Novice: 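I have a structure here, written as structure tokens, and I will follow up with some questions on it.
The structure presented is a predicted model; accordingly, all values stated were derived computationally and were not measured.
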Amino acid sequence: TADEVALLDEMAEAILPATATPGAKDAQCGPFIALMVQDCYTKEDQAIFRTGMTTLNEECQKAHGHPFMQSSPAERLALLTAIDKEAKTYQDARTGDAPNHYFRMMKELTLLGFFTSEVGMNKALRYAETPGRFDPCVPYVKGEPIWANHA
């Protein structure tokens, strides 16, 4: 739904906020995440992801007394940091066919959506359209962004 996409957009922005470079909302990560989950995830992973969205709101309600969409950036960061630690512990203990933690899915899709977007490729990374000349040894100046992969 539009509300769920808006939640995904805000969650992604909390993971990759705008700074000197654009953030996840500028790259429209919310709609990208929704599309990827709907079109590419198995039914089981879709269910885990959707339950995770509900869990995210419930955890925010417990921690701050209101849903994620009504939280301040600092509250969102604190909540996602705690959930990220929980997800890391879960992933480290995970065995065999156990599913991924919902937050890992959210983070992975946020990073994929941002760094394969036009905004991510052109504003956060250096992008050179191919085909082009191959330069195997390009000088690197400290502080320059890395080169974008070709999606």
Side-chain angles (χ1 to χ4, degrees), residues 1-130 142-151:
T1 66
D3 289 341
E4 290 170 327
V5 171
L7 173 67
L8 292 173
D9 236 356
E10 294 299 327
M11 179 273 310
E13 184 71 13
I15 292 171
L16 275 177
T19 55
T21 59
K25 277 174 48 174
D26 297 312
Q28 299 179 1
C29 284
F32 171 82
I33 293 169
L35 179 72
M36 291 296 288
V37 171
Q38 181 178 332
D39 290 356
C40 300
Y41 276 26
T42 64
K43 294 289 183 203
E44 295 80 19
D45 284 343
Q46 287 176 357
I48 291 166
F49 192 92
R50 292 185 69 75
T51 300
M53 290 174 62
T54 302
T55 302
L56 182 74
N57 259 329
E58 290 169 354
E59 292 297 318
C60 192
Q61 188 73 37
K62 282 185 216 171
H64 304 295
H66 46 260
F68 190 82
M69 293 297 283
Q70 295 174 7
S71 298
S72 70
E75 290 171 333
R76 291 175 181 183
L77 179 61
L79 176 70
L80 294 184
T81 300
I83 293 173
D84 191 35
K85 288 178 184 174
E86 170 194 315
K88 170 92 170 86
T89 302
Y90 172 86
Q91 290 296 129
D92 289 346
R94 184 174 86 107
T95 59
D97 292 336
N100 282 318
H101 192 277
Y102 73 90
F103 190 66
R104 179 179 177 142
M105 294 178 191
M106 291 176 175
K107 273 181 71 173
E108 287 176 346
L109 288 172
T110 298
L111 294 172
L112 178 66
F114 181 78
F115 287 108
T116 58
S117 71
E118 183 177 355
V119 168
M121 289 250 184
N122 290 312
K123 302 291 184 187
L125 303 171
R126 291 187 288 170
Y127 178 76
E129 188 174 351
T130 57
K142 188 174 180 163
E144 286 183 337
I146 63 170
W147 288 97
N149 291 328
H150 297 284

Novice: Please name all residues satisfying side-chain contact (heavy atoms from CB on, under 4.5 Å) with Asn122, sequence neighbours left out, ordered by chain then number.
Specialist: Glu118, Tyr127
Novice: Does Arg50, at its CZ atom, have more than 12 non-hydrogen atoms belonging to other residues, nucleotides or ligands within less than 6.0 Å?
Specialist: no
Novice: Run Met11 and Ile15 through side-chain contact (heavy atoms from CB on, under 4.5 Å) and show every step you take.
Specialist: CA-CA 7 Å; Met11 179 273 310; Ile15 292 171; 3.3 Å; yes
Novice: Hey, does the side chain of Asp26 reach the backbone of Gly23 with a donor-acceptor pair shorter than 3.5 angstrom?
Specialist: yes
Novice: So Leu112 and Met36, side-chain contact (heavy atoms from CB on, under 4.5 Å) or not? Walk me through it.
Specialist: CA-CA 10 Å; Leu112 178 66; Met36 291 296 288; 4.1 Å; yes
Novice: Which pairs pass ring pair (Phe, Tyr, Trp, His ring centres under 6.0 Å) with one or both residues in residues 75-111, sequence neighbours excluded?
Specialist: Tyr90-His101
Novice: By side-chain hydrogen bond (donor to acceptor under 3.5 Å, both in side chains), which residues pair with Glu59, not counting sequence neighbours?
Specialist: Lys62
Novice: From Leu79 CG over to Asp84 CG, what is the distance, rounded to the nearest 0.5 angstrom?
Specialist: 11.0 Å
Novice: How would you list, by chain and number, every residue that makes a salt bridge (Lys or Arg N to Asp or Glu O under 4.0 Å) with Asp92, sequence neighbours excluded?
Specialist: Lys88
Novice: If you define the side chain from C-beta out and look only at heavy atoms, does anything of Met69 sit under 4.5 Å from Asn57?
Specialist: no
Novice: Give the minimum heavy-atom separation between Ser71 and Pro67, together with the two atoms involved.
Specialist: OG-O, 3.2 Å
Novice: Can you measure from CD (Gln91) to CD (Glu86) and round to the nearest 0.5 angstrom?
Specialist: 11.0 Å
Novice: Roughly how far apart are Leu109 CG and Leu8 CG, rounded to 0.5 Å?
Specialist: 9.0 Å
Novice: Quick check: closest heavy atoms across Ile33 and Ala12, and the distance to 0.1 Å?
Specialist: CD1-CB, 4.3 Å
Novice: Show the nearest heavy-atom pair for residues Phe114 and Cys29, with the distance to one decimal.
Specialist: N-SG, 3.5 Å
Novice: Of all the heavy-atom pairs spanning Pro31 and Asp9, show the shortest one and how long it is.
Specialist: CD-OD1, 4.1 Å
Novice: According to the ring pair (Phe, Tyr, Trp, His ring centres under 6.0 Å) rule, which pairs have a member within residues 1-51, sequence neighbours left out?
Specialist: none
Novice: What closest approach, in Å, do Ala14 and Arg76 show between heavy atoms, and which atom pair accounts for it?
Specialist: CB-CB, 4.2 Å
Novice: Do any N or O atoms from the side chain of Glu13 and from the backbone of Pro17 form a donor-acceptor pair under 3.5 angstrom?
Specialist: no
Novice: Test side-chain contact (heavy atoms from CB on, under 4.5 Å) on Lys107 and Leu80 and set out the steps.
Specialist: CA-CA 10 Å; Lys107 273 181 71 173; Leu80 294 184; over 6 Å; no
Novice: Any chance you could lay out the side-chain contact (heavy atoms from CB on, under 4.5 Å) test for Gln61 and Glu58, step after step, and finish with the verdict?
Specialist: CA-CA 5 Å; Gln61 188 73 37; Glu58 290 169 354; 5.5 Å; no
Novice: Could you tell me the separation between the CE atom of Met106 and the CD1 atom of Ile83, rounded to the nearest 0.5 Å?
Specialist: 8.0 Å
Novice: Donor-acceptor pair, Thr51 side chain versus Ile48 backbone, under 3.5 Å?
Specialist: no
Novice: Could you pull out all residues at least two apart from Ser72 that satisfy side-chain contact (heavy atoms from CB on, under 4.5 Å)?
Specialist: Ala74, Glu75
Novice: Looking at OG1 of Thr21 and CG of Leu16, how far apart are the two atoms once the value is rounded to the nearest 0.5 Å?
Specialist: 8.0 Å
